[in-house]
Number of protein chains: 2
Amino acid sequence: MTANLSKVHNLAWRKFLTAHTVLIDQIEQDLAAADLPPLGWYDVLFALSQASEHKLRLHELAQAVLLSRSNITRLVDRLESKGLLQREQCSRDRRGAFAVITQAGFAMLERMWTVYESAITRDFACHLNVADVKLFIKILNKITSSSNSEPEN
Amino acid sequence: MTANLSKVHNLAWRKFLTAHTVLIDQIEQDLAAADLPPLGWYDVLFALSQASEHKLRLHELAQAVLLSRSNITRLVDRLESKGLLQREQCSRDRRGAFAVITQAGFAMLERMWTVYESAITRDFACHLNVADVKLFIKILNKITSSSNSEPEN
DNA sequence: CTAAAGTGATTGTAACTGCAACCACTTTAC
DNA sequence: GTAAAGTGGTTGCAGTTACAATCACTTTAG
């Protein structure tokens, strides 16, 4: 396969990467400054809060936050040791475990969201009007949906 | 400061994060499958290849690849130990060090680019026509330039 | 029912990251 | 010149990640 990547596409790619790094760094700094845990914790708590009965199997959780299985085990360990979630035996499959968000977990989720939301607003959302944002979503959809389709340029 | 983040903005943010993770994971897999080092190495080699005389002070390099200083020290260690670059004393400032890309470094840069380019093309560029990509860049520019401007939505 | 294959989660290990402390040198201010 | 402050880079350490191996259990095939 010959790649044939155009200048603009290349530029777009680099801007994409840079934007991501800069924004994430900023958010992590905001969280740290407020004595809050890193973004990964938020993702876990959020996924659990959205799940039915506020619990998920570990592998579902891993998929939800796009992390490897071994990784999720230890991330869950950390959150559990802080009381933000609990493990629960799965009765249908004795190998399996659920992670269930606790009250403290909900509270933490809320505190983190306060900081997270204002960071997103200030560094990202503020700069885009509704038309921009809809276009942005449309473009991102093109990129992520159907990982291998026809070229378009 | 009240955040007031709209639904669409929030959705856009999440899609942005997901797209990034998915694409990067894919690229890293492609590189690993070709027995090539991770993306960070490419960034370093690329920055050096673009620099005048193909060398940069370590702190310039750190800035170019958006890494912390301590981090760059060790990343440079690794590349140096593989012969992809060399450290060089700075004569103007005896504290300072340059990183200079070697022939082997250029060769590696090229091998990595082969894989990297086709991954970007296949997973990213393919899905966007020129109009899309120009819009995408425009939007990313709005986000990254001038970290704190007026709201627009 | 049993053997083989597959899946869910954990663990060991090695590599990588971030932070703070540090050493070496340079610049600034007196 | 000298002291104080600042800058460039490295190092120690603790926390995090990735990969492969492992254990426990479930599913499939005969």
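Labels below follow one simple rule: chain letters A, B, ... track the order of the sequence lines, proteins then strands, and each chain is numbered from 1.
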[X]: what forms a side chain to side chain contact (heavy atoms under 4.5 Å, CB included) with it, not counting sequence neighbours?
X     : answer
A:A34 : A:L36, A:V115
A:E88 : A:K55, A:F98, A:V100
A:H20 : A:I24, B:F16, B:L17, B:H20
A:R74 : A:D77, A:R78

Could you write out each protein N or O paired with an N or O of nucleotides 1-4 of chain D at a distance under 3.5 Å?
none

Atom pair distance, as rounded to whole Å: [atom1] in [X] and [atom2] in [N]:
X     : N      : atom1 : atom2 : answer
B:E28 : D:dC19 : CD    : C1'   : 14 Å
B:R94 : C:dC23 : CZ    : C1'   : 15 Å
A:L31 : C:dG18 : CG    : P     : 15 Å
A:Q29 : C:dT17 : CD    : P     : 17 Å
A:R92 : D:dT27 : CZ    : C1'   : 15 Å

Atom pairs under 3.5 Å: protein N/O with N/O of nucleotides 5-11 of chain C:
from	atom 1	to	atom 2	distance (Å)
C:dG6	N2	A:R95	NH1	2.9
C:dT7	O2	A:R95	NH1	2.2
C:dG8	O3'	A:R57	NH2	3.0
C:dA9	OP1	A:R57	NE	3.0
C:dA9	OP1	A:L58	N	3.3
C:dA9	OP1	A:A97	N	3.1
C:dA9	OP1	A:A97	O	3.0
C:dA9	OP2	A:H59	N	2.7
C:dA9	OP2	A:H59	ND1	2.6
C:dA9	N7	A:R69	NH1	3.4
C:dT10	OP1	A:R87	NH1	2.5
C:dT10	OP2	A:T73	OG1	3.0
C:dT10	OP2	A:R87	NH1	3.0

Chi angles and distances behind the side-chain contact (heavy atoms from CB on, under 4.5 Å) call for B:W41, B:M108
CA-CA 9 Å; B:W41 293 37; B:M108 177 60 84; 5.7 Å; no
Under a 4.0 Å heavy-atom cut-off, which of residues 34-44 of chain B touch DNA chain C?
none
List in numerical order all residues of residues 78-85 of chain A for which some heavy atom is under 4.0 Å away from an atom belonging to DNA chain C.
none
Hey, could you give me each pair passing side-chain hydrogen bond (donor to acceptor under 3.5 Å, both in side chains) that has a residue in residues 58-71 of chain B? Not counting sequence neighbours.
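Residue pairs passing side-chain hydrogen bond (donor to acceptor under 3.5 Å, both in side chains), neighbours aside: none found.
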Which side-chain hydrogen bond (donor to acceptor under 3.5 Å, both in side chains) pairs, counting each pair once, include a residue from residues 94-109 of chain B, with sequence neighbours left out?
B:D93-B:R95
Atom CZ in A:R111, atom CG in A:D35: separation rounded to 0.5 Å?
8.0 Å
Partners meeting salt bridge (Lys or Arg N to Asp or Glu O under 4.0 Å) with B:D25 (sequence neighbours left out):
none
Test your reading of the model: is there a side-chain donor-acceptor pair from A:E80 to the backbone of A:R87, 3.5 Å cut-off?
yes
Under 3.5 Å, is there a donor-acceptor pair between the side chain of A:H9 and the main chain of B:L128?
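Such a contact is found between A:H9 side chain and B:L128 backbone.
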As a quick check of understanding, evaluate side-chain contact (heavy atoms from CB on, under 4.5 Å) for B:T121 and A:N4, giving each step before the final call.
CA-CA 7 Å; B:T121 304; A:N4 201 5; over 6 Å; no
What residues, two or more places apart in sequence or in another chain, satisfy ring pair (Phe, Tyr, Trp, His ring centres under 6.0 Å) together with B:W113?
B:Y42, B:Y116
